[in-house]
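Only heavy atoms go into these numbers, but all of them, side chains included; no hydrogens, no water, no symmetry mates.
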Amino acid sequence: MNSLDLTLLHAPSIYDFRKRPQMFGPISDLVPSTPIFEIYPIGLTTIGEYLERNGSKVRLFNLGNLMLQSEKFDVERFISKIKTKAFGIDLHWMPHSHGAIEIARICKKYHPDVPVILGGLSSSVFHEDLIANYPCIDYVFRGDSTEEPIRQLIELVKGSNGTPSAESLASVPNLTWRDKSGDLRVNELNFVPPDFNAPSLDFSFNMKTVIRDRDLFGVVPYKQWINYPMAATICCRGCTHNCVTCGGSQESYRKHYNRRQVAYRDPELIARDFAHAQKYIPGPIFVLNDFMQAGDDYVKTFIEALGKINLRASIGFEVFTPPTEELYELLAANLNDWTIEVSAESHDDEVRKLFGKGHYTTADVEKSIDQAFEYGATRFDLYYLIGIPGQNAQSVLDTVDYIGNLYESLDYDKRLISNIAAMTPFLDPGSIAYDNPDDHGYKLRATTVEEHRQLLVQPSWKYVMNYESIHLPPDELVDVTYEAGLRLNEMKRKSGLIDGKTANEVRDRIEEAKVSMAHVDKVMRDISLDTPEAREKKLGNLRREMEELSESTICEKTELRWPVNFRMSNLWACIKIWAVENVKNIVTLGKNPAASKVHAEWRAEKGLPVRQELNDEEAVKNQ
């Protein structure tokens, strides 16, 4: 492996998941990844592309996916052979705290003189904890926009044989670090760009590194991506809403990431990102974060820009407020295949208000669904959550009954996809409820990185959760989650929304999961098992059934999938880029940067530099 300037590593949620007996439960039923959350944050690719365009060589390895693909994949042996000037590990959300720290330790074990860098939203919340208590971590970046600060650090590392001076490190924004005397140093978190235009989001980095480095599975976002390829982009960094359990709320961004205003992406740039992505990827494309937050002018410009690129892929919009008829009219006039996704959390307006979504009602949701279908929406995804403030077991079951009534009122229209899931494994650190648990009816089980890490290796999802709700204690939460799954599954079977075979399989998995959970509880209560080793040995006998009951538990995962429409144009585009990039790599002796041509063209048109620099006026505005 050729020497790299930065090696980006995405760890599985739990490092030794292949050996540890554990019942993950329904924690990933509604997302593309497996329960070890092998899907990595988009920020890893934006960092990689940004550094490549600025002269560094970067590779990304999805260790979680590599471990899933082969039982024989030896993580330590793999890392020991990497030649790099620095390692970068994401700790964007706390479910990765176990794997991220273990991977950092392995990096430091085999490369003691190579700096290890962590970043992400959870890293921002626990930046001092990480540096103070984990010697394997040298640097932690805070904030939501670390592409340029990381570039600055990597340049210092490259110019100093891995040991930058204290004076130079003190100049790197958003950086928390340990000086030579072991003291904690916290630089000012003042690199908070007012817009989201500097990073590339068109997947150029992924595609070009696959070709250059002859490595597909190291970059694949999640295990089933080859069979179900999809893409996603983000329209902004920051939020205008305050959902109390979300670590990405407006208050969370203000308090922990120093963002006072939402940074939006140029709508025409997003359209170019989409045009590039759909050339190569035959699956759906999702727009994450609610583009409607930016206002009517932005929305109109964005949707019309999408209409001009002859968008053939299915496109899904995550929205935080049920859209109105005006938006649907705009979508119908410009797009052929579009979907709306709303997380309403509860059918009960009062419970939803306690969650922080009191700006709309259930009646608003119903009206929006009717209008969406009237204007030709391909589907409307409607999700509810278990474990939110003010919600008890009966409220959860009432939500399930409501979903059934909603389907009946729509004559069981299969374009409505509605499900309910538990808030697991964690209440987001940095969220309003996490920072003020008593005010929102919670008791925290973990307040440090290490406490979260120890929870993650507990034998079942009931024991992993970092919170307890005063309205829905853990035992009740688990029981009502399975009961809600059974009732919703039966309703879908009776109404023909899912076929009998699928319904029977889901029912059987839920019933088996309940039995398995009882077995785990019995082991955990057995006082004769007085050591962790004895308990783990006993749990080892349940390992196979625990693994089999950790995916598609309360609903069939494939129910949520969108159609994948492979076209010959996708094949020819892939062949063309493969040929062109191979020629470039031969000519440059493998030094062709994995940078975005699409983004470079846009920057040139706007007269923008390669690097993102904040002037004093912008910095003050963000403060």
Side-chain angles (χ1 to χ4, degrees), residues 1-11 38-69 73 75 78-79 81-90 92 103 107 114 117 119 146-147 150-151 154 158 198-223 225-226 229-233 273 276-281 283 570 573-600 610:
M1 187 179 297
N2 294 327
S3 181
L4 302 165
D5 295 310
L6 176 63
T7 300
L8 298 169
L9 301 174
H10 177 67
E38 75 278 8
I39 192 167
Y40 52 80
I42 292 175
L44 282 187
T45 63
T46 63
I47 290 169
E49 192 277 341
Y50 189 86
L51 266 66
E52 286 267 345
R53 92 167 76 135
N54 282 285
S56 291
K57 187 171 182 180
V58 183
R59 284 192 68 175
L60 165 63
F61 296 106
N62 186 347
L63 297 177
N65 183 60
L66 291 169
M67 294 171 77
L68 285 168
Q69 295 294 336
F73 178 72
V75 179
F78 180 80
I79 290 177
K81 293 181 177 296
I82 295 176
K83 297 177 182 179
T84 188
K85 294 181 176 64
F87 288 103
I89 302 170
D90 64 282
H92 193 54
I103 293 302
C107 291
V114 176
I117 309 164
T146 58
E147 290 86 2
I150 288 178
R151 184 201 67 79
I154 295 302
K158 289 162 63 176
S200 167
L201 291 174
D202 64 17
F203 305 98
S204 290
F205 174 77
N206 306 61
M207 292 185 292
K208 291 183 177 181
T209 54
V210 166
I211 297 168
R212 182 184 67 192
D213 302 319
R214 302 291 192 269
D215 177 25
L216 174 60
F217 289 108
V219 181
V220 163
Y222 50 91
K223 182 182 178 182
W225 190 87
I226 301 298
M230 54 177 280
T233 193
D273 293 338
H276 186 262
Q278 76 164 355
K279 286 172 60 178
Y280 306 98
I281 300 173
N570 296 132
C574 290
I575 291 174
K576 181 179 178 181
I577 192 174
W578 181 272
V580 170
E581 289 301 309
N582 271 308
V583 170
K584 289 181 179 179
N585 287 317
I586 291 172
V587 172
T588 63
L589 301 179
K591 297 181 180 180
N592 181 44
S596 168
K597 180 180 178 182
V598 173
H599 198 267
V610 172

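Listed here is the closest heavy atom pair of N592 and R212: O-NH1, 3.2 Å. Between L9 and C107 the shortest heavy-atom distance is CD1-SG, 3.6 Å. Taking both residues in full, the closest heavy atoms of A11 and D90 are given as N-OD1, 4.5 Å, listed atom of the first, atom of the second, then distance.
Not a single donor-acceptor pair under 3.5 Å links the side chain of D5 to the backbone N or O of V58. No donor-acceptor pair closer than 3.5 Å links the side chain of E147 to the backbone N or O of T46. Counting only distance, with no hydrogens or angles, the side chain of E52 and the backbone of A594 share a donor-acceptor pair below 3.5 Å. Remark: the backbone N or O of F203 is not paired with any side-chain donor or acceptor of D273 at under 3.5 angstrom.
Note on residues 583-596: pairs passing salt bridge (Lys or Arg N to Asp or Glu O under 4.0 Å), not counting sequence neighbours, are E581-K584.
Note on E49 versus R53: salt bridge recorded, some NZ/NE/NH1/NH2 to OD/OE distance being below 4.0 Å.
For D202, there are no salt bridge (Lys or Arg N to Asp or Glu O under 4.0 Å) partners, not counting sequence neighbours. With sequence neighbours left out, the side chain to side chain contact (heavy atoms under 4.5 Å, CB included) criterion links I586 to no other residue. When the side chain to side chain contact (heavy atoms under 4.5 Å, CB included) test is applied to K279, the partners found at least two apart in sequence or on another chain are A573. Under the side-chain hydrogen bond (donor to acceptor under 3.5 Å, both in side chains) criterion, N206 pairs with Y40, sequence neighbours left out. With sequence neighbours excluded, the residues forming a side chain to side chain contact (heavy atoms under 4.5 Å, CB included) with A86 are L6, P115, I117, I154, listed by chain and number.
Proximity of V220 to Q69: side-chain heavy atoms (C-beta onward) are nowhere separated by under 4.5 Å.
Taking CD1 of I39 as the reference point, atom CE of M230 lies at 6.0 Å (rounded to 0.5 Å). In this structure, L4 CG and F87 CZ are separated by 9.0 Å, a value rounded to the nearest 0.5 Å. The structure places CG of L63 at 11.0 Å from CG of L68, a figure rounded to the nearest 0.5 Å. The distance from the OG atom of S200 to the CD1 atom of I42 is 11.0 Å, given to the nearest 0.5 Å. Put simply, CH2 on W578 and NZ on K208 are 14.5 Å apart, with the number rounded to the nearest 0.5 Å. H599 NE2 to H276 NE2: the interatomic distance, rounded to the nearest 0.5 Å, is 12.5 Å.
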Begin from the C-alpha positions of V75 and I103 and carry the test side-chain contact (heavy atoms from CB on, under 4.5 Å) through to its verdict. CA-CA 9 Å; V75 179; I103 293 302; 3.8 Å; yes
Verdict with supporting geometry, L60 and T209, side-chain contact (heavy atoms from CB on, under 4.5 Å): CA-CA 8 Å; L60 165 63; T209 54; over 6 Å; no
Please determine whether side-chain contact (heavy atoms from CB on, under 4.5 Å) holds for the pair D215 and F61, giving the CA-CA distance in whole Å, both sets of side-chain angles, and the decisive distance to 0.1 Å. CA-CA 9 Å; D215 177 25; F61 296 106; 3.7 Å; yes
Give the C-alpha distance, both sets of side-chain angles, the deciding distance and a yes or no for side-chain contact (heavy atoms from CB on, under 4.5 Å) between I226 and L216. CA-CA 10 Å; I226 301 298; L216 174 60; 3.8 Å; yes
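Side-chain atoms of K85 and S56 include no donor-acceptor pair closer than 3.5 Å. Checking N62 against H10 by side-chain atom types alone, no donor-acceptor pair falls below 3.5 Å.
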